[in-house]
Amino acid sequence: MKPLRVLFVCLGNICRSPLAEGAARKLAGERGLQELFYFDSAATSAYHVGESYDPRVRAVLAEHDALFDHTVRQVSRRDFQEFDWILGMDRENLRGLTRLAPSNARAALALVSEPWGGGEVSDPYYQDDWACEQTYLELSDLTDRWLKRWLEET
Ligand code: 4NP
């Protein structure tokens with residue numbers, strides 16, 4: 001079976017989307033579901049292309065044993081054909097994604113919180129260190145919900 005391909009997207013790809021990717025990889029790994037899912041993350045902006053995580057994000061991912069190799073990249077039009085789901089963190093991300101999306105996009109586009117009320121995942125970049133931990137916990141909960149949903153659908 002081909003893995004379900006999921007791309008998490010935020011503005012910079014140094015905070016929220018790598019936190020989501022790390023949480024999703026960790027949960028799938030713990031449950032022996034690595035073969036069923038492929039996770040990646042990307043930025044709507046080019047601000048940090050080629051860099052790795054924000055150092056605060058690295059610390060949080062390390063604390064949760066959820067580090068993975070990460071190099072910031074920008075979303076490309078090809079992603080809309082190659083992924084099944086593209087999940088943004090806030091409405092600005094979705095606006096950026098919608099602008100980029102080709103008319104024949106294969107990927108379903110949604111807010112990461114969409115099935116559970118559609119609230120925005122606020123950006124820890126401008127906040128204190130604890131905000132990164134809180135964002136990890138929020139995204140771990142949301143990705144856990146998505147995993148359950150996707151497993152029910154397969
Ligand atoms: P992210 O956070 O979108 O969660 O990765 C940000 C990272 C960098 C910037 C903004 C948000 N920036 O303006 O450089």
Side-chain angles (χ1 to χ4, degrees), residues 3-31 33 36-49 51-68 70 72-76 79-80 82-101 105-154:
L4 187 82
R5 295 172 63 88
V6 179
L7 182 68
F8 297 102
V9 173
C10 62
L11 178 61
N13 193 213
I14 58 171
C15 294
R16 291 166 296 174
S17 58
L19 285 168
E21 182 180 350
R25 283 172 179 258
K26 174 164 184 194
L27 289 171
E30 281 172 351
R31 294 168 194 177
L33 303 171
L36 294 185
F37 296 99
Y38 173 81
F39 297 111
D40 194 6
S41 62
T44 54
S45 76
Y47 301 153
H48 296 277
V49 168
E51 297 176 22
S52 191
Y53 324 99
D54 181 286
R56 297 164 297 175
V57 167
R58 175 178 296 281
V60 167
L61 289 172
E63 177 84 15
H64 287 275
D65 205 15
L67 280 172
F68 61 97
H70 179 58
V72 173
R73 71 173 183 91
Q74 204 171 4
V75 180
S76 74
D79 290 323
F80 291 89
E82 294 186 348
F83 283 87
D84 299 295
W85 284 91
I86 299 182
L87 299 176
M89 302 291 140
D90 60 31
R91 290 182 210 294
E92 189 194 329
N93 303 154
L94 277 199
R95 276 193 292 277
L97 286 164
T98 307
R99 269 197 297 274
L100 233 137
R106 191 170 77 85
L109 209 60
L111 273 177
V112 70
S113 62
E114 194 144 311
W116 304 284
E120 299 188 303
V121 177
S122 59
D123 200 336
Y125 184 69
Y126 304 102
Q127 300 176 54
D128 60 20
D129 290 6
W130 183 244
C132 283
E133 172 68 17
Q134 285 180 308
T135 305
Y136 177 87
L137 296 176
E138 182 180 355
L139 286 165
S140 184
D141 177 56
L142 287 166
T143 50
D144 181 31
R145 290 168 186 238
W146 278 106
L147 281 179
K148 288 183 183 133
R149 174 171 281 244
W150 288 322
L151 286 171
E152 279 166 15
E153 284 170 1
T154 53

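Just so we're clear, the structure is a prediction, and the values are computed from it rather than from any experiment.
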Passes side-chain contact (heavy atoms from CB on, under 4.5 Å), Val6 versus Thr143? Steps please.
-> CA-CA 11 Å; Val6 179; Thr143 50; over 6 Å; no
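- Closest of all the heavy-atom pairs between Trp146 and Leu87 is CZ2-CD2, 3.7 Å.
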Given Ile86 and Val9, is the side-chain contact (heavy atoms from CB on, under 4.5 Å) satisfied, shown in steps?
-> CA-CA 7 Å; Ile86 299 182; Val9 173; 3.7 Å; yes
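- Tyr47 pairs by the ring pair (Phe, Tyr, Trp, His ring centres under 6.0 Å) definition with nothing, not counting sequence neighbours.
- Within the structure, the side-chain hydrogen bond (donor to acceptor under 3.5 Å, both in side chains) test picks out the following pairs touching residues 130-139 (sequence neighbours left out): His64-Glu133.
- Atom OG of Ser41 and atom CG of Leu19 lie 9.5 Å apart (nearest 0.5 Å).
- For the atom pair CG (Asp79) and CG (Asp40), the distance works out to 7.5 Å, reported to the nearest 0.5 Å.
- In this structure, the side chain of Glu51 does not engage the main chain of Val72 through any donor-acceptor pair within 3.5 Å.
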Step-by-step side-chain contact (heavy atoms from CB on, under 4.5 Å) determination, Leu11 to Tyr125 = CA-CA 10 Å; Leu11 178 61; Tyr125 184 69; over 6 Å; no
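- Between Arg16 and Leu139, the shortest heavy-atom distance links the atoms O-CD1, 3.3 Å.
- Note that CG of Leu109 is 10.0 Å distant from CG of Asn93, once rounded to the nearest 0.5 Å.
- Closest of all the heavy-atom pairs between Glu120 and Arg91 is OE2-N, 2.7 Å.
- In this structure, Arg25 contributes its side chain and Phe68 its backbone to no donor-acceptor pair below 3.5 Å.
- Using a distance-only test at 3.5 Å, with no hydrogens or angles considered, a donor-acceptor pair links the side chain of Asn13 to the main chain of Arg73.
- The environment of CZ in Arg149 is crowded: more than 12 heavy-atom neighbours from other residues, nucleotides or ligands sit within 6.0 Å.
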Determine, stepwise, if the pair Glu152 / Lys148 fulfils salt bridge (charged side-chain N to carboxylate O under 4.0 Å, His left out).
-> CA-CA 6 Å; Glu152 279 166 15; Lys148 288 183 183 133; over 6 Å; no
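- Annotation: side chain of Leu61 is not in contact with side chain of Glu21 (no heavy-atom distance under 4.5 Å).
- For the ring-ring contact (aromatic ring centres under 6.0 Å, His included) with His70, the lone residue among Phe39, Tyr53, Phe8 that qualifies is Tyr53.
- Atom-to-atom distance recorded for Leu94:CG and Glu92:CD is 10.5 Å, nearest 0.5 angstrom.
- With a 4.5 Å cut-off on side-chain heavy atoms, Ser52 and Arg58 count as touching.
- Between the side chain of Glu114 and the backbone N or O of Leu111 there is at least one donor-acceptor pair closer than 3.5 Å.
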Passes side-chain contact (heavy atoms from CB on, under 4.5 Å), Arg56 versus Val60? Steps please.
-> CA-CA 6 Å; Arg56 297 164 297 175; Val60 167; 5.8 Å; no
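- Nearest heavy-atom pair, Asp123 versus Cys15, reported as atom, atom and distance to 0.1 Å: OD1-CB, 4.4 Å.
- For the pair Ser17 and Cys10, the tightest heavy-atom approach, listed with the atom from each and the gap, is OG-SG, 3.0 Å.
- Between Phe37 and Leu151 the shortest side-chain heavy-atom distance falls below 4.5 Å.
- Distance alone, capped at 3.5 Å, places no donor-acceptor pair between the Trp116 side chain and the Leu142 backbone.
- Note that the CG atom of Leu33 and the CG atom of Leu4 stand 11.5 Å from one another [nearest 0.5 Å].
- Around CG of Asp128, the count of heavy atoms belonging to other residues, nucleotides or ligands within 6.0 Å exceeds 12.
- Scanning all heavy atoms of the two residues, the minimum distance from Arg31 to Leu147 falls at NH1-CD1, 4.0 Å.
- Here the straight-line distance linking atom CE of Met89 with atom OG of Ser113 works out to 9.0 Å at 0.5 Å rounding.
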